[in-house]
Amino acid sequence: MARALVTGSTSGLGLEFAWQLAGTGHHLVLVARNEDRLRTIAAQIRDVHAVEVEVLAADLSDRARLDRVAVRLTDPVDPVDLLVNNAGYGLRGGFLEIGVEDHEKQMDTLMRAVLVLSHAAARSMVQRRRGAIINVSSLAGYTTAGPYAASKSWVTVFTESLAAELKGTGVSATALLPGFVQTEFHERACMNMEGLPRVTWLKAPFVVEQALKDAARGTVLSIPSVKYRTAGEVSRIAPRSLVRTLTSPNWYHRLQQNAVVRSRRRASRRNLHAPWQREDPPQ
């Protein structure tokens, strides 16, 4: 059986990757910060699927713990055939509102971990002439929405360059660029996303299924759904001045303002006839 290592595997897309890969017969190495939650999820997966599930608790912003995960990727006895770099999180607030230490820790998780783990995995896979790497990026990388968007831009470009370097080796690299996905991501960042229309949201099972299919085909950029592929192409060819106007770092504040406006409009359209609003006393 093939073996997959998934970072950030206790929630969101990472958890969905774990379940879908187990369902297709992959042994798993699950990586996340919370060891108790890791062990719980591992036990649940073992109860449903006949696969081996290892757990490796590690905060990927810590270099020593990151190196432990990198060493696991080079194990020649139980090699990893698929690496899914999924770990990541958002920060609520503008660049100047958040301490630089928090920004540095986020960048270590979103970029340095992807660099180090991709390097370790690719070297080992090339020697066996078999393997694949999926780096979870984001369409936010095409925008100017702060440091998070900048880090995802780096992940996309890095993966594209890695895919070109790996061509002909039997190893592939795919960047997954989803839009808004229904996961715990925004809730953990304390971000209220009620201002977004329902049509903008994607479901995690669909996103992961498309990513695995694209990786199997050797597709370099995996963008689930036609609407987001179109949005991605438009954002790439649009004038940067327009992109900056539409996706500046204060996009979240504009989203909340729009949510309030829509709420007021809905309230004004309601025609309520409560007993205490009657002008004439009841008979």
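In what follows, every heavy atom counts, from backbone to side chain, and hydrogens, waters and symmetry copies are set aside. Small disclaimer: the values here were computed from a predicted structure and weren't measured.
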Asker: Identify, with sequence neighbours excluded, every residue that meets side chain to side chain contact (heavy atoms under 4.5 Å, CB included) alongside A216.
Answerer: none
Asker: Say whether, by atom type as modelled, one donor and one acceptor occur between the side chain of H27 and the main chain of M1 under 3.5 angstrom.
Answerer: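 Here the side-chain-to-backbone pair does not exist.
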Asker: Go through the structure and list residues passing side chain to side chain contact (heavy atoms under 4.5 Å, CB included) with V220, not counting sequence neighbours.
Answerer: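 Testing V220 for side chain to side chain contact (heavy atoms under 4.5 Å, CB included), a comparison that skips the adjacent residues, returns E160, A163.
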Asker: Applying side chain to side chain contact (heavy atoms under 4.5 Å, CB included), name anything that partners A121, two or more places apart in sequence or on another chain.
Answerer: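 For A121, the residues satisfying side chain to side chain contact (heavy atoms under 4.5 Å, CB included) (neighbours in sequence not counted) are L73, L83, M125, I133.
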Asker: For the backbone of Y142 and the side chain of K152, can you confirm whether one donor and one acceptor N or O come within less than 3.5 Å of each other?
Answerer: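 Flag not set: sc K152 to bb Y142 has no pair under 3.5 Å.
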Asker: Could you name each residue pair satisfying salt bridge (Lys or Arg N to Asp or Glu O under 4.0 Å) that touches residues 8-17, not counting sequence neighbours?
Answerer: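 Residue pairs with at least one partner in residues 8-17: there are none.
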Asker: R129: what forms a side chain to side chain contact (heavy atoms under 4.5 Å, CB included) with it, not counting sequence neighbours?
Answerer: none
Asker: Under a 3.5 Å distance rule, please check whether Q106 uses its side chain to pair with a backbone N or O of Y89 as donor and acceptor.
Answerer: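 Present.
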Asker: Are side-chain heavy atoms of S118 and L162 found at a separation under 4.5 Å?
Answerer: yes
Asker: Rounded to the nearest 0.5 Å, how far apart are CG of L212 and CZ of F17?
Answerer: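 Interatomic distance, L212 CG to F17 CZ, rounded to 0.5 Å: 5.0 Å.
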Asker: Given side chains that start at C-beta, do those of V155 and T159 come closer than 4.5 Å, heavy atoms only?
Answerer: yes
Asker: What residues form a ring pair (Phe, Tyr, Trp, His ring centres under 6.0 Å) with H119, not counting sequence neighbours?
Answerer: none
Asker: Sequence neighbours excluded, which residues qualify as salt bridge (Lys or Arg N to Asp or Glu O under 4.0 Å) partners of R130?
Answerer: D81
Asker: Do I41 and V48 share a hydrophobic cluster (ILVMFWY, side-chain heavy atoms under 4.5 Å, transitive)?
Answerer: yes
Asker: Mind checking salt bridge (Lys or Arg N to Asp or Glu O under 4.0 Å) for R112 and listing every partner two or more places apart, or none if nothing turns up?
Answerer: D108
Asker: Which atom pairs, donor and acceptor, lie under 3.5 Å between side-chain atoms of residues 164-173 and protein residues at least two apart or in another chain?
Answerer:
| unit_1 | atom_1 | unit_2 | atom_2 | d |
| --- | --- | --- | --- | --- |
| T169 | OG1 | L166 | O | 2.5 |
| T169 | OG1 | V171 | N | 3.2 |

Asker: Only counting residues at least two apart or in another chain, list the ones meeting salt bridge (Lys or Arg N to Asp or Glu O under 4.0 Å) with R3.
Answerer: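 In terms of salt bridge (Lys or Arg N to Asp or Glu O under 4.0 Å), with neighbours along the sequence ignored, R3 is linked to E52, E54, D78.
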Asker: Could you state the interatomic distance from CG (L117) to CG (D67), rounded to the nearest 0.5 Å?
Answerer: 9.0 Å
Asker: Is there a donor-acceptor pair closer than 3.5 Å between any side-chain N or O of S222 and the backbone N or O of A175?
Answerer: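 No: the side chain of S222 does not pair with the backbone of A175.
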Asker: Can you check whether V55's main-chain N or O pairs, donor with acceptor, with R39's side chain at less than 3.5 Å?
Answerer: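 Side chain of R39 to backbone of V55: no pair is present.
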Asker: Below 4.0 angstrom, N of the basic side chain to O of the carboxylate: do K105 and E101 qualify?
Answerer: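 Salt bridge between K105 and E101, a charged N being under 4.0 Å from a carboxylate O: no.
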Asker: When rounded to the nearest 0.5 angstrom, what is the spacing between CG in L5 and CG in N85?
Answerer: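 Interatomic distance, L5 CG to N85 CG, rounded to 0.5 Å: 8.5 Å.
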Asker: Are any of the side-chain heavy atoms of L176 and P224 separated by less than 4.5 Å?
Answerer: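 SC-SC contact between L176 and P224 confirmed.
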Asker: Going from CD1 on I223 to CD on Q210, what distance comes out if it is rounded to the nearest 0.5 angstrom?
Answerer: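 The CD atom of Q210 is 12.0 Å from CD1 of I223, to the nearest 0.5 Å.
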Asker: Which residue pairs pass the ring-ring contact (aromatic ring centres under 6.0 Å, His included) test when at least one of the two sits in residues 151-170, sequence neighbours left out?
Answerer: W154-F158
Asker: Working to the nearest 0.5 angstrom, can you tell me the gap between Q20 CD and H49 NE2?
Answerer: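 Separation between the atoms: 9.5 Å.
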Asker: If you measure only the distance, is there a donor-acceptor pair under 3.5 Å linking the side chains of D214 and T174?
Answerer: no
Asker: So do the side chains of H103 and L91 get within less than 4.5 Å of each other, counting heavy atoms only?
Answerer: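 Yes - at least one pair of side-chain heavy atoms lies under 4.5 Å apart.
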Asker: Would you mind reporting whether I134 and L82 have side-chain heavy atoms less than 4.5 Å apart?
Answerer: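 A side-chain contact under 4.5 Å exists here.
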Asker: Does the side chain of S9 reach to within under 4.5 Å of the side chain of L38, using non-hydrogen atoms?
Answerer: yes
Asker: We want to know whether T156 and S137 form a side-chain donor-acceptor pair, criterion being a heavy-atom distance below 3.5 angstrom.
Answerer: yes
Asker: Show the nearest heavy-atom pair for residues P79 and P76, with the distance to one decimal.
Answerer: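 Of all heavy-atom pairs spanning P79 and P76, the closest is CD-O, 3.8 Å.
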Asker: Can you confirm whether R128 is buried at CZ, in the sense that more than 12 heavy atoms of other residues, nucleotides or ligands lie under 6.0 Å from that atom?
Answerer: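 Buried by this count: over 12 neighbours within 6.0 Å.
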Asker: Just by distance, do the side chain of T40 and the backbone of D36 share a donor-acceptor pair under 3.5 Å?
Answerer: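 Side chain of T40 to backbone of D36, a donor-acceptor pair under 3.5 Å: yes, one is there.
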Asker: List in chain and number order the residues that pass salt bridge (Lys or Arg N to Asp or Glu O under 4.0 Å) with R68, two or more places apart in sequence or in another chain; answer none if no residue qualifies.
Answerer: none
Asker: Starting at CE of M107, measure out to OG of S151 and round the result to the nearest 0.5 Å.
Answerer: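 M107 atom CE to S151 atom OG measures 4.5 Å (nearest 0.5 Å).
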